[in-house]
Amino acid sequence: LPEPDTLQKPTVLKGEYLNKAKIAEGGKKLRKNWTSTWVVLCSNQLLFYKESKQEAVANLKPGGKADGVDLCGAIIEWTTEKSSRKNVVQITTLTGQEFLLQADHFPTICKWHDALKKAVDSLSSG
Ligand code: I3P
């Protein structure tokens with residue numbers, strides 16, 4: 001039987017400031033640049049907002065100004081090799097984009113790691 005959680009709406013919506021770095025695009029390595037970004041997980045997409053939390057919330061409607069990452073087929077994994085920082089999660093998309101998400105507070109990043117895994121799993125089974 002499915003877990004009660006998987007019977008809920010697939011949309012997992014949360015917002016939090018995390019450190020984010022894009023490290024590859026189309027399989028090509030990029031120069032790493034960590035920035036603090038308001039991150040929202042929205043069904044099949046992970047949204048990154050450069051502006052404040054207030055603006056991000058206001059822009060959550062379709063057409064809002066966020067960078068979106070398609071989570072369908074993405075790989076979510078802990079990494080200790082792609083950064084000297086602790087608590088780093090790597091997201092690799094089907095299109096060859098690679099992102100790192102990091103937070104000094106382990107429970108914070110753990111929650112995002114688990115939510116992202118869950119979102120990807122629900123996309124492949126749904
Ligand atoms: C990078 C910067 C990053 C660091 C990265 C450096 O230097 O110090 O913070 O990543 O390491 O190259 P620069 O600012 O000159 O581009 P971490 O903090 O994640 O270790 P890397 O090259 O090993 O990825």
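Atoms within a ligand are numbered from 1 in the order they appear, just like the ligands themselves. The shown structure was predicted, so the numbers you read here are calculated from the model rather than taken from an experiment.
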side-chain contact (heavy atoms from CB on, under 4.5 Å) test vs Lys20 passes for just one of Leu46, Asn33, Leu101, namely Leu101
Exercise for review: Run the salt-bridge test on Lys111 and Glu16 with the 4.0 Å N-O cut-off and return the result as yes or no.
Suggested key: yes
Between the CD atom in Glu98 and the CD atom in Gln90, the distance rounded to the nearest 0.5 Å is 5.0 Å
Result for ring-ring contact (aromatic ring centres under 6.0 Å, His included) between Phe48 and one of Trp38, Tyr17, Phe99 points to Phe99
Out of curiosity, does Leu18 fall in the hydrophobic cluster containing Leu71 (side-chain heavy atoms, cut-off under 4.5 Å, transitive links)? yes
Protein neighbours of ligand 1 with a heavy atom under 4.0 Å, given by chain and number, are Arg31, Lys32, Trp34, Ser83, Ser84, Arg85
Rounding to 0.5 Å, atoms CG (Asn87) and CG (Leu100) come to a distance of 12.5 Å
